[in-house]
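Order of the sequence lines sets the chain letters (A, B, ...), proteins ahead of strands, with each chain counted from 1.
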Protein chains: 2
Amino acid sequence: MKYLEKLRNSGLRPTKQRLQICEVLFDTEKTFHFTINDLANKIKKQLNNKISLATVYNTVHAFEKKGYLKQIPINSNQTYFDTNISDHHHFYDLKEEKLIDLDNSDVGPINILKKINGKKIKSVEVLVKLED
Amino acid sequence: MKYLEKLRNSGLRPTKQRLQICEVLFDTEKTFHFTINDLANKIKKQLNNKISLATVYNTVHAFEKKGYLKQIPINSNQTYFDTNISDHHHFYDLKEEKLIDLDNSDVGPINILKKINGKKIKSVEVLVKLED
DNA sequence: ACACCTTTTTAGAACCATTATAAAGTAGAT
DNA sequence: ATCTACTTTATAATGGTTCTAAAAAGGTGT
Ligand SMILES: [Mn+2]
Ligand SMILES: [Mn+2]
Ligand SMILES: [Zn+2]
Ligand SMILES: [Zn+2]
């Protein structure tokens, strides 16, 4: 199975439910942004099978911890995840409440001049809010 | 009173509670980051007076809407606000779960090359995650 | 001061995304 | 097949935020 590695690395056995979550998350041309609810609905519609929310939460968090998914820093009542794990940024369309990818190459190089003692930079994320 | 303008512009009458919230928010040398709960506790301790959470929420949201406060885009179970309303960015110390200001001047100029049809940029915010 | 009407405050309830629980089911090892 | 640890699931608990509606305070005209 093509998702064994991701599952094993995340400390998860390849169960039917987890493989289905993988299918929906990783078996696509394009990457996408989602909330837990989005994902649960997508599974139900696309695979005609309901997976309990608890399992979806657990699996998504395990993948996020291992870096197979990213959380998108944004203020919302729900948490947004991203299947695009490359270094990249986001537009947030305030009217439509939609996220749009913004490639690293579409943002000039970002140089953080200030240093914090004893800490090192793990990530640099840009959020560009859009209005009409 | 020194906060009349902010309150009036936000469509709020200058009540005792709102003036106290203003005192804690705006009567300081330094700007700061806070959650609603932080703020309610600060008022209780600093002014020795309890203001109901509903009033704190309402007032903070009214100020935020008018731009007298900013929300900080970050993933947390609580919403973080900022009394520093200048264009600036943030470090987020993952270990300590603390936000640290990052001046515009400490980040090279950010040029967003990609354009979205019919939309204009309202803000550009950088979040730099820190680890040990 | 008083009456009258509007706005505000407040405690508590409701809401809802997320997390915890624990019982029943499943997978992998022997 | 049996055993054991892990997993799924329904459901409950948690907790930040929002809503409600009754009491309090503010403003206005007399
Ligand atoms: Mn989460
Ligand atoms: Mn809010
Ligand atoms: Zn993305
Ligand atoms: Zn700040």
Side-chain angles (χ1 to χ4, degrees), chain A residues 1 3-25 33-44 47-66 69 71-81 97 99, chain B residues 1 3-4 6-25 33-44 47-66 69-81 97 99:
Chain A
M1 309 158 185
Y3 306 118
L4 265 184
E5 188 201 341
K6 280 190 171 78
L7 287 166
R8 289 238 178 290
N9 285 341
S10 307
L12 301 176
R13 285 187 189 167
T15 65
K16 179 160 67 73
Q17 289 85 347
R18 286 168 179 166
L19 286 165
Q20 290 187 318
I21 292 172
C22 284
E23 265 185 67
V24 173
L25 285 178
H33 307 128
F34 66 94
T35 64
I36 295 289
N37 236 319
D38 291 341
L39 182 55
N41 289 334
K42 205 164 177 176
I43 290 164
K44 199 157 52 183
L47 308 188
N48 229 61
N49 185 29
K50 178 184 174 287
I51 296 179
S52 79
L53 270 186
T55 298
V56 179
Y57 271 103
N58 289 339
T59 306
V60 165
H61 283 143
F63 282 149
E64 197 264 336
K65 196 176 213 172
K66 271 296 166 182
L69 291 172
Q71 261 190 254
I72 303 173
I74 192 179
N75 283 117
S76 166
N77 50 331
Q78 283 151 274
T79 302
Y80 277 83
F81 294 90
E97 298 187 10
L99 285 161
Chain B
M1 307 155 188
Y3 307 118
L4 264 183
K6 281 191 170 77
L7 287 166
R8 290 238 179 289
N9 286 340
S10 307
L12 301 175
R13 287 187 187 165
T15 63
K16 179 161 67 78
Q17 288 86 348
R18 287 169 180 163
L19 286 165
Q20 290 187 320
I21 292 172
C22 284
E23 264 185 70
V24 173
L25 284 179
H33 306 128
F34 65 94
T35 65
I36 295 288
N37 235 320
D38 291 342
L39 182 55
N41 289 334
K42 206 164 176 177
I43 291 164
K44 197 156 58 183
L47 309 189
N48 228 62
N49 185 31
K50 177 183 175 289
I51 296 179
S52 79
L53 269 188
T55 297
V56 179
Y57 271 104
N58 290 340
T59 307
V60 165
H61 283 144
F63 282 148
E64 197 263 336
K65 196 176 212 173
K66 273 295 166 180
L69 290 173
K70 292 207 312 183
Q71 260 189 256
I72 303 172
I74 191 179
N75 283 118
S76 166
N77 52 329
Q78 284 151 275
T79 302
Y80 276 83
F81 294 90
E97 299 188 11
L99 284 161

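Atom OH in A:Tyr57 sits roughly 19 Å away from atom C1' in D:dT7 (whole-Å rounding). Between B:Asn77 atom CG and C:dC16 atom P there is a gap of 19 Å when expressed in whole angstrom units. A:Asn37 has its CG atom 9 Å from the C1' atom of C:dA17, to the nearest Å. For the pair B:Ile21 CD1 and C:dT8 C1', the computed distance is 12 Å after rounding to whole Å. Straight-line distance from the CG atom of B:Asn58 to the P atom of C:dT10: 11 Å, rounded to whole Å. Atom C1' of nucleotide D:dC19 and atom CG of B:Leu53 are separated by 14 Å, given to the nearest angstrom. If you measure from atom CZ of A:Arg18 to atom P of D:dC6, you get 11 Å, rounded to the nearest angstrom. Distance, A:Leu12 CG to D:dT8 C1': 13 Å, rounded to whole Å.
Between C:dT18 and A:Thr79, a contact under 4.0 Å exists linking OP1 or OP2 to a side-chain N or O. Residue A:Lys50 has no polar side-chain atom (N or O) positioned under 4.0 Å from OP1 or OP2 of D:dT8. Put simply, B:His61 has a side-chain N or O that comes within less than 4.0 Å of OP1 or OP2 on D:dT18. Distances shorter than 4.0 Å separate some side-chain N or O of B:Gln17 from OP1 or OP2 on C:dT10.
Across the interface with DNA chain D, nearest-nucleotide mapping of B:Gln78 and B:Lys16 shows B:Gln78 to be the residue nearer the 5′ end. Toward the 5′ end of DNA chain C lies the nearest nucleotide of B:Thr15, the other residue of the pair B:Thr15 and A:Thr15 mapping further downstream. The nearest heavy atom of DNA chain D to B:Arg13 and to B:Ala54 marks one nucleotide each, and the one closer to the 5' end goes with B:Ala54.
Listed here is the closest heavy atom pair of A:Ala40 and A:Leu53: CB-CD2, 4.0 Å.
Side chains of A:Asn49 and A:Gln20: a donor on one and an acceptor on the other come within 3.5 Å. Side-chain N/O atoms of B:Thr35 and B:Asp38 include a donor and acceptor closer than 3.5 Å.
The side chain of B:Ile36 lies closest to D:dT17, out of C:dA11, D:dG16, D:dT17.
In this structure, B:Ile21 CD1 and B:Ile51 CD1 are separated by 4.5 Å, a value rounded to the nearest 0.5 Å.
Side-chain contact between A:Tyr80 and B:Asn75 is absent, with no heavy atoms from C-beta onward closer than 4.5 Å.
Contact annotation for B:Thr55: base contact, defined as any heavy-atom pair under 4.0 Å involving a base atom.
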